[in-house]
Novice: 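Below is one structure. I have some questions about it.
Nothing fancy with the numbering, it's 1 onward along the sequence.
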Amino acid sequence: MTGTARGGRGGGAGMEDKGEAAELGFLGLDRMRLLLPLPLPEKLSARTPRALLRSYYINWSWRWVRDRWPWLLPLWLLLWVAISFRILWFMSNQAVDKRRELLASMCDERARMLQDQFNVSMNHLQALAILVSTFHHSKTPSAIDQTTFARYAERTAFERPLTSGVAYAVRVTHAEREQFERQQGWSIKKMYSSKKQAGDAEVREPAEEYAPVIFAQNAYKHVISFDMLSGNEDRENVLRARESGKGVLTAPFKLLNNRLGVILTYTVYKTELPPNARPQERIQTAIGYLGGIFDIEALVDKLLHQLAGKQSIMVNVYDTTNERPISMYGSNDTGSGMYYKSTLNFGDPSRKHEMHCRFIQKPPWPWLAITSSFGTLVIALLIGHIVHATVTRIAKVEDDYQKMTELKKRAEDADVAKSQFLATVSHEIRTPMNGVLGMLQMLMDTDLDTTQQDYVRTAQASGKALVSLINEVLDQAKIESGKLELETVPFDLRTVCDDILSLFCGKAQQKGLELAVYVSDQVPETLIGDPGRIRQIITNLVGNSIKFTERGHIYLTVHVIEEVMPSLDVETGTQCANTLSGYPVVNRKCSWENFRHFNRELNSCEMPFAPGASDTVSLIISVEDTGVGIPFEAQSRVFTPFMQVGPSIARIHGGTGIGLSISKCLVGLMKGEIGFASKPQVGSTFTFTAVLTRARSSGNENKPSEFKEVSALVFDHRPVRAKVTKYHLQRLGVETELTTDLDQYIFSKVNCGLRVAKLVLIDKETWLKESHSMPMLVSKLRNKDQPNSPKLFLLENPKSSVRNSSHISREFHLNVIMKPLRASMLQVSLQRALGGIDKVNCRNGVVGNLTLGSLLHKKKILVIDDNIVNLKVAAGALKKYGAEVTCADSGKKAITLLKPPHSFDACFMDIQMPEMDG
């Protein structure tokens, strides 16, 4: 129905103590459709065609890779194996090329050094030839003989390091032979004789000319008198040297030391010839021949000895003039490894020489190439493994995502089905339950004996608990599905708090607990928000406090957050003397110290309760009790759904364990936070914040005008309790003073000639504490000399003895006001004491049923519901208040009855009805 009462959704605790003010919540008129709305499809964000094309291309590429990955992976491996072998081959060839370049460099270096040293020796031989021409042929008599030549050759041997010996042969014609032999004292001999001894050499047979050796180094003086033209090869070399005018080399031959060597022959001329002289001119001018013997093996050995510090290589020197090379140095084992060939130029263009070089050691393994190729292959394999793992993982995630999407859809469908099921079942359960509760309420209005009334109350309390449990289950289902929404309607928070105190008044009096509420003056009179959900949160917290408290008090306070910010403390009352009942409590500050709003390090823009907006009001609401507290090990799971402190809690106190979890979610919807502080055997304090909107209305428009000229005095030795009493009196417009010493107050007023307050409210506990002086103080207050003596009120605690209170009130003629204090009850009590309401119609501060019975007198009301029981309950409840009720069981009948003109003042209709709903 549109006339539902949200007060029935309070969290379950204490619902059985709700009085007649909540009676309409169980009239059967709240048969509302509670189906949760289906989820709307998500809006797709607008994308440009380029972005869509890019997204499509990426998805297509990924699908292409994923589908072909089983054969792309082997292809990848084969590709990188080939690349690795290519790297190995390339780097190995680079290593071979570097080794070849090194060999070439070393071989060229040795060939160059050999040529340089050979050229030095050739230059010195040429200089020696000029010396012989100058001092032998140009001097008469000759200035050189054998001894001089041999001594000179020995002393200048260091200038010719490659020559092992030198000799000089003179040119003699056949006509000059006889005279020449006579001058020399020996005969010209043949160069190559069949005799072994040189002294027995054969005399040279007659020839056109001769070239006998006349000077020789001591090591080779045995060749003196030998004709250089007597041998075929020697003759050829001499003739070529005479025609060319250059040094001429012989073919390699064995020297006396069994080493291979060559002879370099130079021609000595009478006069200096021009470079372009003709061969015939050179032949005619030639007068002798100088020969130098070169030990090639010794030369190369010496060269290699000089370069011994470098990497050793094998060197071979060859005479390649003929088709078949002649080895001049080195072994004949050429091997099969890498070698390099360098050309040698010894100054004789008719003869060719080469140097062949190779490394002695075998080439090392190309470890750099091996490690590089292997490392590349390993990296490629790792990359392939990573890509394979990534592709596999992404594919698995996609598969899991598809499964999760399907499961999510099924879960959402199941959630919708569950919500529909809960809504339908709860509706079908609450419909007869509302009828049961309504009929029980109507039954209680009849004449019943004590036993029957007890049975009816028990059944009514059980029904209310069941309805409360159904509401909690529905709220939990809405919260889980994220479909719980808040209303935004104007409401008075002070009235809501008074209603909650009325709800738990009976149970608090049964347990002897003091129940009080205080709302700060800074809280606006009218706020905009969801009063039903705020009522539900506070009801749950207060109900839990009453459930777990056996002595002391429950204290509900409401402040604006800006009040708390300066000191982070609002009368926490940690001292026993500064609490509502005198029992110790936990520090209230600890319940909110972890809230983000109180973290000074946060910027104001990050605060959820930034006070910058003038229409926004941030409230902080606390519920303080002196109960058993929460064990430290169980405090972490207080807000967990269906979790309780211990297994014995459900057996002792009952409950489902979802009230606090629902409260936490509701606080979150209000952009607030919830926390608590608790100490075992001391008590607990639960605090939550909520952001509401300030309503644009006057704050004093609802205050009664009849108490504007009334002043009151509150005598209470507990400041917190006195503050609560002052709060309620000020709500009625009563000017209130507080005192802890009544005698001093009376003395100061009398001496100053001032009037004593018209109303004096004394707390029962303070009366008992000051019982020895109270009779005298009462007599002073009721001084006969002063007209209009004040009215005295005794504020009765729930734990006080009723008999003792009645005795005091009769003896001293006091008006008794029972706690907890509420504005409506206090207003009635004051009006009764001041003579504003007939005492016959008032019972214990509550307006009688005769007054309420005329609220709907002669009002015509139409009730539409398809449930006959609900119709009876609604009609009975409305008739009790004097209304004239007309019933209809369908929407069509209601439309017929409501066609203008009609005489109905109000219409209550069910939302869910067949044919035509509300």
Side-chain angles (χ1 to χ4, degrees), residues 1-9 15 18 20-37 419-446 456 459-460 462-464 466-471 473-474 487 532 852-918:
M1 298 285 291
T2 57
T4 59
R6 291 288 289 273
R9 189 184 294 123
M15 293 298 295
K18 192 170 184 179
E20 292 184 1
E23 180 181 313
L24 290 177
F26 304 101
L27 294 179
L29 306 179
D30 58 345
R31 191 179 177 188
M32 305 175 71
R33 178 176 179 87
L34 297 176
L35 290 179
L36 300 181
S419 301
Q420 293 176 346
F421 172 77
L422 288 175
T424 303
V425 171
S426 63
H427 172 77
E428 297 302 328
I429 293 177
R430 286 195 300 175
T431 297
M433 281 304 303
N434 287 332
V436 171
L437 293 175
M439 288 300 178
L440 288 174
Q441 184 63 41
M442 295 174 65
L443 181 61
M444 290 184 66
D445 293 337
T446 61
V456 172
Q460 192 177 36
S462 300
K464 291 179 179 179
L466 179 58
V467 173
S468 175
L469 177 61
I470 293 173
N471 291 333
V473 172
L474 282 176
E487 293 182 349
L852 294 175
S854 61
L855 290 178
L856 300 178
H857 181 63
K858 294 185 178 180
K859 299 294 182 182
K860 294 184 178 181
I861 298 177
L862 175 63
V863 180
I864 306 101
D865 199 325
D866 61 321
N867 189 286
I868 304 300
V869 176
N870 286 346
L871 281 177
K872 290 183 179 180
V873 173
L878 294 173
K879 288 177 181 179
K880 185 171 65 173
Y881 295 107
E884 298 179 5
V885 181
T886 302
C887 298
D889 58 0
S890 68
K892 290 184 176 181
K893 293 182 179 180
I895 294 298
T896 303
L897 294 174
L898 291 175
K899 286 183 178 180
H902 62 78
S903 60
F904 293 105
D905 298 302
C907 176
F908 293 87
M909 70 188 74
D910 186 14
I911 292 181
Q912 287 183 338
M913 291 186 297
E915 296 182 353
M916 182 182 293
D917 57 18

Novice: Rounded to the nearest 0.5 Å, what's the gap from CG on Asp865 to CD1 on Ile911? Could you check?
Specialist: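 Asp865 CG to Ile911 CD1: 11.0 Å, rounded to 0.5 Å.
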Novice: Work out which heavy atom in Ile864 is nearest to a heavy atom in Cys907; give both atom names and the distance.
Specialist: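 Heavy atoms of Ile864 and Cys907 come nearest at CD1-SG, 3.1 Å.
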Novice: Walk me through it: do Val873 and Asn434 pass the test side-chain contact (heavy atoms from CB on, under 4.5 Å)?
Specialist: CA-CA 8 Å; Val873 173; Asn434 287 332; over 6 Å; no
Novice: Return each pair, listed once, that meets salt bridge (Lys or Arg N to Asp or Glu O under 4.0 Å) where at least one residue sits in residues 885-906; pairs must be two or more places apart or across chains.
Specialist: Asp889-Lys893
Novice: Taking atom OG1 of Thr886 and atom CG of Leu871, what is their separation to the nearest 0.5 Å?
Specialist: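 Nearest 0.5 Å value for the OG1-CG distance: 11.5 Å.
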Novice: Take Asn870 and Asp910, measure what side-chain contact (heavy atoms from CB on, under 4.5 Å) needs, and give me the verdict at the end.
Specialist: CA-CA 10 Å; Asn870 286 346; Asp910 186 14; 5.9 Å; no
Novice: So which atom in Phe904 and which in Ile861 form the shortest heavy-atom distance, rounded to 0.1 Å?
Specialist: CD2-C, 4.0 Å
Novice: Please test Lys464 against Leu437 for side-chain contact (heavy atoms from CB on, under 4.5 Å), starting from the C-alpha separation and ending with a verdict.
Specialist: CA-CA 8 Å; Lys464 291 179 179 179; Leu437 293 175; 4.2 Å; yes
Novice: Taking it one step at a time, do Met439 and Lys872 satisfy side-chain contact (heavy atoms from CB on, under 4.5 Å)?
Specialist: CA-CA 8 Å; Met439 288 300 178; Lys872 290 183 179 180; 3.5 Å; yes
Novice: Nearest heavy-atom pair of Leu862 and Ala888: which atoms, and what distance?
Specialist: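 Between these two residues, the closest heavy atoms are CD1-CB, 4.5 Å.
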